[in-house]
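Accompanying notes for the structure given below.
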Amino acid sequence: QVQLVESGGGLVQAGGSLRLSCSASGHTFSSYVMGWFRQAPGKEREFVATISRSGGSTYYADSVRGRFTISRDNAENTLYLQMNALKPEDTAVYYCAASISGTGRGISGRYDYWGQGTQVTVSS
């Protein structure tokens, strides 16, 4: 199975920016629809963004649209999440995920592989 490893999390002030990366093992990265999810303390996992296999189409949760940008580099087997204008409510553990079918859009249950997560903390 594919292995996913997130990096780039950390502490940032409100209004600042941060870029998360997700490195995937293997040579079939381009066959997966990819997504980002997050989970804040005491809350359920929440959809953030998803990107098509080629990178040509993206979709965002209303809470992050206009501030976050999802992208991928298939040659490097890497997924990215550029986060701008960060707010304290963005504080969460962020997870990257891979979907074989690509039919679930923002539904976490339709993703087959998950990374271990990386902590993002936004201070006010």
Side-chain angles (χ1 to χ4, degrees):
Q1 63 178 26
V2 64
Q3 291 182 291
L4 305 173
V5 181
E6 302 95 335
S7 62
L11 176 64
V12 64
Q13 293 183 345
S17 298
L18 205 61
R19 189 176 79 159
L20 305 183
S21 298
C22 173
S23 296
S25 65
H27 58 278
T28 58
F29 178 69
S30 62
S31 68
Y32 299 103
V33 167
M34 299 296 296
W36 286 99
F37 293 78
R38 66 188 183 185
Q39 187 166 21
K43 296 186 177 181
E44 294 185 345
R45 189 168 297 180
E46 174 190 30
F47 167 74
V48 176
T50 188
I51 188 168
S52 62
R53 295 174 177 87
S54 67
S57 298
T58 59
Y59 180 75
Y60 299 89
D62 290 344
S63 59
V64 307
R65 187 176 294 110
R67 299 187 299 120
F68 290 11
T69 302
I70 187 172
S71 62
R72 66 193 297 165
D73 186 341
N74 287 343
E76 297 293 331
N77 285 2
T78 304
L79 175 75
Y80 301 98
L81 184 68
Q82 178 67 47
M83 304 183 294
N84 299 325
L86 283 162
K87 306 174 181 179
E89 50 262 46
D90 294 318
T91 295
V93 176
Y94 283 71
Y95 300 89
C96 67
S99 174
I100 298 172
S101 68
T103 59
R105 208 170 196 183
I107 308 300
S108 62
R110 300 301 297 171
Y111 288 77
D112 304 283
Y113 306 105
W114 295 81
Q116 83 291 339
T118 185
Q119 177 70 49
V120 172
T121 302
V122 184
S123 64
S124 60

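Please read all numbers here as calculations on a predicted model, not as lab measurements. Hydrogens, waters and symmetry mates are skipped; everything else that's a heavy atom, side chains included, is used.
Between the side chain of Glu6 and the backbone N or O of Cys96 there is at least one donor-acceptor pair closer than 3.5 Å. The backbone N or O of Glu76 sits less than 3.5 Å from a side-chain atom of Thr78, completing a donor-acceptor pair. Using a distance-only test at 3.5 Å, with no hydrogens or angles considered, no donor-acceptor pair links the side chain of Arg38 to the main chain of Glu46.
Residue Val64 is not grouped with residue Tyr111 when hydrophobic side chains (ILVMFWY) are merged at heavy-atom distances under 4.5 angstrom, including chains of intermediate members. Leu86 and Tyr95 sit in two unconnected hydrophobic clusters of ILVMFWY residues. Membership requires side-chain heavy atoms under 4.5 Å apart, directly or through other members. At a threshold of 4.5 Å between side-chain heavy atoms, the hydrophobic network of Ile, Leu, Val, Met, Phe, Trp and Tyr places Leu11 and Val93 in two separate groups. In the hydrophobic clustering of ILVMFWY residues, with side-chain heavy atoms under 4.5 Å counting as a link, Leu81 and Phe47 come out apart. Note on Ile70: it does not cluster hydrophobically with Val33, by side-chain heavy-atom contacts below 4.5 Å among ILVMFWY residues.
The distance from the OG atom of Ser99 to the CZ atom of Arg53 is 7.0 Å, given to the nearest 0.5 Å. Separation of atoms OG1 (Thr69) and OH (Tyr80) is listed at 14.0 Å; rounding is to 0.5 Å.
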> Would Trp36 and Phe68 count as a ring pair (Phe, Tyr, Trp, His ring centres under 6.0 Å) if you check the C-alpha gap in whole Å, the side-chain angles of each, and the deciding distance to 0.1 Å?
Replying inline: CA-CA 11 Å; Trp36 286 99; Phe68 290 11; 9.9 Å; no
>> Determine whether Ser101 and Arg110 satisfy the following criterion, side chain to side chain contact (heavy atoms under 4.5 Å, CB included), listing intermediate values before the conclusion.
In response: CA-CA 8 Å; Ser101 68; Arg110 300 301 297 171; 3.3 Å; yes
>> side chain to side chain contact (heavy atoms under 4.5 Å, CB included), that's the test. Do Arg65 and Tyr59 meet it? Break it down for me.
In response: CA-CA 8 Å; Arg65 187 176 294 110; Tyr59 180 75; 3.9 Å; yes
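Of all the heavy atoms in Leu4 and Gln116, the pair that sits closest is O-OE1, 3.6 Å. Taking each heavy atom of Pro88 and Ser124 in turn, the nearest pair found is CG-CB, 3.9 Å. Closest approach of Tyr60 and Ala49 over heavy atoms only: CD2-CB, 3.6 Å. Between Arg72 and Ser30, the shortest heavy-atom distance links the atoms NH2-CA, 3.9 Å. Between Gly10 and Leu18 the shortest heavy-atom distance is N-CD2, 3.9 Å. When all heavy atoms of Asn77 and Phe29 are compared, the closest pair comes out as OD1-CB, 3.3 Å.
Other residues, nucleotides and ligands contribute more than 12 heavy atoms inside 6.0 Å of the CD atom of Glu89.
Of the charged side-chain nitrogens involved, none lies within less than 4.0 Å of a carboxylate oxygen, so that Lys87 and Asp90 do not count as a salt-bridged pair.
Classification of the Phe37-Trp114 ring pair by plane angle, with boundaries at 30° and 60°, yields tilted.
Annotation: side-chain hydrogen bond (donor to acceptor under 3.5 Å, both in side chains) contacts involving residues 9-23, sequence neighbours excluded, comprise Ser17-Asn84.
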